[in-house]
Protein chains: 2
Amino acid sequence: MTMSNTGGRRRPPTIHDVAREAGVSRGTVSRVLNGGHYVSPSAQEAVNAAIRKTGYVVNRHARSLITGRSDSVGFLLTEPQERFFEDPNFNVLLRGCTQALAQHDIPLLLMLAGTEDERRRITRYITAGHVDGVLLVSSHSGDPVAQELREAGVPLVACGKPIGLGSKVSYVAADDRDGARDMVRHLLSLGRRRIGVVTGPLDTPGGVERLAGYREVLTEAGVEVDDRLIVSGDYSRASGEAGAERLLAQAPDMDAVFVASDLMAQGVLTALQRAGRRVPQDVAVGGFDDSPAAVAASPELTTIRQPWDRISAEMVRVLLAQIGGEDPAAVILPTELVKREST
Amino acid sequence: MTMSNTGGRRRPPTIHDVAREAGVSRGTVSRVLNGGHYVSPSAQEAVNAAIRKTGYVVNRHARSLITGRSDSVGFLLTEPQERFFEDPNFNVLLRGCTQALAQHDIPLLLMLAGTEDERRRITRYITAGHVDGVLLVSSHSGDPVAQELREAGVPLVACGKPIGLGSKVSYVAADDRDGARDMVRHLLSLGRRRIGVVTGPLDTPGGVERLAGYREVLTEAGVEVDDRLIVSGDYSRASGEAGAERLLAQAPDMDAVFVASDLMAQGVLTALQRAGRRVPQDVAVGGFDDSPAAVAASPELTTIRQPWDRISAEMVRVLLAQIGGEDPAAVILPTELVKREST
DNA sequence: TTCTCTACTGTGAACGCTCACAGAAGCATG
DNA sequence: CATGCTTCTGTGAGCGTTCACAGTAGAGAA
């Protein structure tokens, strides 16, 4: 019972093979591999040729064993509901991070910690040093995992501002408040004065900040902030529909509504149309996210674009910097108003 | 300039620490870690206690270095267009695989190989043994990567049947043909006889098989297969819309249409409604996938559910079996007809 | 010449683990 | 009592790297 050659896989060349081929020592090959300082041009070239010839690829396990680094990072999703997976933004984020890391030749480990059990297992895995850092994605923000990892000294970057974690943890976020301000200002500029809002969950930064932006702009413009015009949802389509119905009941004179996500805005459109209100003539509707849902809706949604591609790139940049020894940092990125048919 | 304790991260306990704590040797601890054979109950217990006490987690790099396995698998997406990322099924697949692997304590490495460059880099990475196997997801199927990896002896499981790779490569797929048969039979049972079809791309197994199922059932039922009732699309919404228009022009008496994806079916609905046909009264519409698009459509789509959760679970099962030395295998999973409003 | 400095190269010792092997202990068998 | 077998345990070697250190050679300065 030999397992010599299962499937034709043979032992890959080692640094030793390269050294022999190039006529130098292991040390010199290693130096070439790690930046090429203190290596003569001739040796440099001989080693590179030998690497090409042998098809050598460094054994990361051996390297990691001695360096203590793993040269990989985790993408951690701590979400009881797997809602994030249905969120199109999640895809962009995941893809963006993978690509940004690939440029540094760093693999991304996808980690899902839905249950308490998984959370424990993954925390152990991470704190044991199997990844150099963690990109954290969680919507609800009193996340114990973030706290634990931070205390264990694991480099960490969150997507969106984590509430109640102090300033010790890095994060990258879109400027929710400013985006909301843009949208509400836009609605005001259209002459609307009875502007409703369907917020996100108020235990998330997005929920809180977008509502704050709404309030600020109305106050600045001298428009009354009417509690009957404020309801909150949970980012789901159904909650948008329910929210709009409540708004219509509480404030029938509403002439615009700012909805804190495109998905909820779709629900709002449905409710408005059922109530016989025309969009945008009777009620203007503004969404948030610029997700595919925004163009799938009819009429197409005016919305706030979150710079997801830049968010992922920045998350990776900040994380790598932190792994490199820099201090935690917060990055806030600007949003953009995208005008379509619904306003 | 010491780097003793950056961020509070200290050197994790080794197998040696556990051995000392338990009063046994490294070897015994190792045996406990790897199944516990040839270990006395008392030693077993002492070691487990020591592991709990020290918080020991095995250093996978050290283990991998000697075993030659990496105890991780890659999830490889070879897609020039990043279309898959927009596909809701992709999420389910990715999540399912991650979770199924997590049960075996195996991390998933997400790999994107969009460009030729990335493809080369990743092939090198994989063939160097940095993952034990690969879950391959690519829609168009003459994929050179699959061929290369297979030749290098890397365990591999594809999602969907790869065309033209011989029987050497494992795959897991839904029974496209049978699903199509179910749908067409369903349409026949409603009394429809002029049943159109919008196929997927005919260089994909899904495209080919679903059309074959359509043909078979009509032939078996003694209903004429009319070429004017057959058009093909590319799974996009727009192509569904265009397809329906062609069908209406070529066969105005069409009373049903089987569409090879829900997204295309959405387009079909749009075109039908524009043409003044009522769904399902004038024309019944059947989709495929049971994606979120199916319930988002109005009327909600009757469709064929692909068992994505089982597909991912089976992919992982087959891959692990193959890593364990078993031969490649093909798994075909049954689909399910989901009746909604559109038929 | 001799010393020092710089640029480069080779070598042994880890890193933390598994594996093969040697041995010990217990028990039944010859 | 020796022998074999089974169950269990400890030990040394080695996986493929990097790192620290000890050289070597050549150039410039004393």
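Every chain is numbered from 1 and lettered A, B, ... according to where its sequence line falls, protein lines coming before strand lines.
For the pair B/L65 CG and D/dT18 P, the computed distance is 12 Å after rounding to whole Å. Note: CD1 (B/I66) to P (D/dG16) measures 10 Å, nearest angstrom. Distance A/N59 CG to D/dG14 P: 18 Å, rounded to the nearest Å. One interatomic measurement links the two molecules: CD1 of A/I15 to P of D/dT17, which rounds to 5 Å at whole-angstrom precision. The distance between atom CG of A/D17 and atom C1' of D/dT17, rounded to the nearest whole Å, is 13 Å. As a whole-Å value, the separation of A/L33 CG from D/dT17 P is 8 Å. The CZ-P distance, from B/R63 to D/dT17, rounds to 21 Å in whole Å.
Using a 4.0 Å heavy-atom criterion, one finds that A/R26 contacts the bases of the nucleic acid, with or without backbone contacts as well.
Between A/R60 and A/D105 there is a salt bridge, since at least one side-chain N of the basic residue sits less than 4.0 Å from a carboxylate O of the acidic one. Ion pairing between a basic and an acidic side chain is recognised when a charged N comes within 4.0 Å of a carboxylate O; B/R95 and B/D309 show no such pairing. Residues A/R26 and A/D17 are not paired through a salt bridge, judged by the lack of any N-O separation under 4.0 Å between the basic side chain and the carboxylate. Ionic pairing of B/R121 and B/E118 is not present here: no N-O contact between side-chain nitrogen and carboxylate oxygen is shorter than 4.0 angstrom.
With a 4.5 Å cut-off on side-chain heavy atoms, A/L101 and A/L135 count as touching. You'll find the side chain of B/R31 stays beyond 4.5 Å of the side chain of B/L33, heavy atoms only.
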(request) Start with the C-alpha distance between B/L136 and B/C159, add both sets of side-chain angles, then the distance that settles side-chain contact (heavy atoms from CB on, under 4.5 Å), and finish with yes or no. (result) CA-CA 6 Å; B/L136 180 69; B/C159 173; over 6 Å; no
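Partners of B/Y56 by ring pair (Phe, Tyr, Trp, His ring centres under 6.0 Å), not counting sequence neighbours: none found.
Taking every nucleotide of DNA chain C with any atom under 4.0 Å from a non-hydrogen atom of chain A, the first and last of them, 5' to 3', are C/dC8 to C/dG16.
Residues B/E151 and B/Q147 have side chains that bring a donor and an acceptor to within less than 3.5 angstrom of each other.
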Using nucleotides 5-9 of chain D, report all nitrogen or oxygen pairs with the protein that are shorter than 3.5 Å.
{"from": "D/dT9", "atom 1": "OP1", "to": "B/S40", "atom 2": "OG", "distance (Å)": "2.6"}
{"from": "D/dT9", "atom 1": "OP2", "to": "B/S40", "atom 2": "N", "distance (Å)": "3.0"}

